[in-house]
Amino acid sequence: MRAGHQGTGPGPITPDGCAVELYSRLSAGDAPDIITAAVPAGARILELGSGVGRMTHPLLERGFTVTAVDESAEMLERVRGARTIRSTIEDLDLGERFDVVLLASFLVHTGDVQERQARLSTCARHVAEDGCVLIQREGEDYHTNLPHERVDPSGYTVRIASSEPVGDGVNSVHAEYEFPDATWTQTFLTRPLTKEQFEEVLAEAGLKVDKYLTEDRIWVRAVPASQQMK
């Protein structure tokens, strides 16, 4: 288990505290529709941190070709219909370029600055010159007015129970997931980023915001900075 990360509940738990069985149950929500509207039809997508395929499978159904990357063998065992690669995001170097690189699940908010920059460098290294990187940010109220919860239409409850500063701009977040037959928890470290800070770290990786895709600015389409200059 990574320092500062923990998970509880039935089934195997990955090094960052994610429960494989939990993520097999979570819905993808409107994310596949947001992605589909933001990229060319039939695009080749590199999905970083795919997990069990929560978004992979809906994207495949929409006609995309997906390469799914995750560090957990247990997660990747549940992915169907996509090319799968077991690797950390930071260490990935396929020698390929993709129409779309997807960095969802708030992975840009890792508490480790070097890890964050390595992840964004992986995005920049794998996106085609005329392609794009889709990033999911934390909501701008993610760490305030806690606890807050959401009841999914399928019947489970997601609760962000607490977010406590632990130093150097990093928060420890505790999340709870309640189903009728089981409960999981996850504790993880995250580094909040304002819109301005987020754009600065993108620039350090040679990327630039092309468009905020949702009104809450959670979903972002970025492009190589060289593309913007043409």
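Only a predicted model underlies this, so the values are computations on that prediction, with no experimental measurement involved.
- With hydrogens and angles left out, the side-chain atoms of T88 and D91 include a donor and acceptor closer than 3.5 Å.
- Heavy atoms only, all atoms of each residue included: S50 and A68 are closest at OG-CB, 3.4 Å.
- In the hydrophobic cluster analysis, where Ile, Leu, Val, Met, Phe, Trp and Tyr join through side-chain heavy atoms closer than 4.5 angstrom, I218 is grouped apart from L193.
- V173 and L107 sit in two unconnected hydrophobic clusters of ILVMFWY residues. Membership requires side-chain heavy atoms under 4.5 Å apart, directly or through other members.
- Between atom CG of residue D141 and atom CG of residue L146 there is a gap of 8.5 Å, rounded to the nearest 0.5 Å.
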> Can L92 and L46 be said to form a side chain to side chain contact (heavy atoms under 4.5 Å, CB included), step by step?
Replying inline: CA-CA 11 Å; L92 187 71; L46 175 64; 4.2 Å; yes

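- Under the 4.5 Å side-chain contact rule for hydrophobic residues, V66 and V69 do not share a cluster.
- Each of R119, R125, H126 was scored for a side chain to side chain donor-acceptor pair (under 3.5 Å) with T122, with one residue passing: R125.
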>> Between E138 and R191, is the salt bridge (charged side-chain N to carboxylate O under 4.0 Å, His left out) condition met? List the steps.
In response: CA-CA 10 Å; E138 293 175 346; R191 182 180 295 274; over 6 Å; no

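- In the hydrophobic clustering of ILVMFWY residues, with side-chain heavy atoms under 4.5 Å counting as a link, L48 and V133 come out together.
- Counting heavy atoms from C-beta on, the side chains of H57 and V79 come closer than 4.5 Å.
- Nearest heavy atom pair, residue N171 against residue P165, reads OD1-CA, 3.4 Å.
- Shown here for C123 and L207, the closest heavy-atom pair between the two residues is CB-CD1, 4.4 Å.
- Both L120 and V101 sit in one connected hydrophobic cluster of ILVMFWY residues. Membership requires side-chain heavy atoms under 4.5 Å apart, directly or through other members.
- A donor-acceptor pair under 3.5 Å links the side-chain atoms of T214 to the main chain of W219, judged by distance alone.
- Defined by atom type and a distance below 3.5 Å, a donor-acceptor pair is present between the side-chain atoms of S72 and E74.
- Side-chain atoms of Q114 and E90, non-hydrogen and from C-beta on, never get closer than 4.5 Å to each other.
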Name each donor-acceptor pair under 3.5 Å that joins a side chain in residues 29-39 to protein atoms two or more places apart or in another chain, with its distance.
unit_1, atom_1, unit_2, atom_2, d
D33, OD1, R62, NH2, 2.8
T36, OG1, P32, O, 2.7

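- Atom CG of L76 and atom CD1 of I85 lie 9.5 Å apart (nearest 0.5 Å).
- Contact detail for A124 and R97: the closest heavy-atom pair is O-NH1, 3.1 Å.
- Put simply, the side chain of P224 does not reach to within 4.5 Å of the side chain of E129, judged on heavy atoms.
- Salt-bridge check for R25 with D181: passed, with a basic side-chain N closer than 4.0 Å to an acidic carboxylate O.
- Side chain of R221 to backbone of L134: no donor-acceptor contact under 3.5 angstrom is found.
- Atom CD in Q117 sits 4.5 Å away from atom CD in E204 (nearest 0.5 Å).
- In this structure, I89 and L103 have side chains that are in contact, with non-hydrogen atoms separated by less than 4.5 Å.
- Within the 4.5 Å cutoff, the side chain of T183 has no heavy atoms near those of the E176 side chain.
- Expressed to the nearest 0.5 Å, how far CD of E71 lies from SG of C18 amounts to 9.0 Å.
- What you find for S105 and Q136 is that their closest heavy atoms are N-OE1, 2.7 Å.
- Side-chain contact between L202 and I135 is present, with at least one heavy-atom pair separated by less than 4.5 Å.
- The distance from atom CD1 of I13 to atom CE of M1, rounded to the nearest 0.5 Å, is 6.5 Å.
- Note on ring orientation: taking the six-membered ring where Trp is involved, the planes of Y212 and F198 are tilted (angle from 30° to 60°).
- Checked by atom type, the side-chain pair D112/T110 shows no donor-acceptor distance below 3.5 Å.
- A 4.5 Å side-chain heavy-atom check between T190 and H143 finds at least one atom pair inside the cut-off.
- Here the shortest heavy-atom pairing between G49 and D70 reads C-OD2, 3.5 Å.
- D99 places no side-chain N or O within 3.5 Å of a backbone atom of G131 that could act as its donor or acceptor partner.
- For the atom pair NZ (K195) and CD (E200), the distance works out to 11.0 Å, reported to the nearest 0.5 Å.
- In this structure, V20 belongs to a hydrophobic cluster whose other members, linked by side-chain heavy atoms under 4.5 Å apart, are L22, Y23, L26, V52, M75, Y156, V158, Y177, F179, W184.
- Through chains of ILVMFWY side-chain contacts below 4.5 Å, L189 is grouped with V166, V170.
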>> Is there a side chain to side chain contact (heavy atoms under 4.5 Å, CB included) between E149 and E178? Walk through the geometry before answering.
In response: CA-CA 11 Å; E149 65 180 40; E178 295 180 356; over 6 Å; no

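- No donor-acceptor pair under 3.5 Å is formed between the side chain of R137 and the backbone N or O of V108.
- Under the 4.0 Å criterion applied to side-chain N and carboxylate O atoms, R78 and E21 are assigned as salt-bridge partners.
- Between D16 and F188, the closest side-chain pair of non-hydrogen atoms is not below 4.5 Å.
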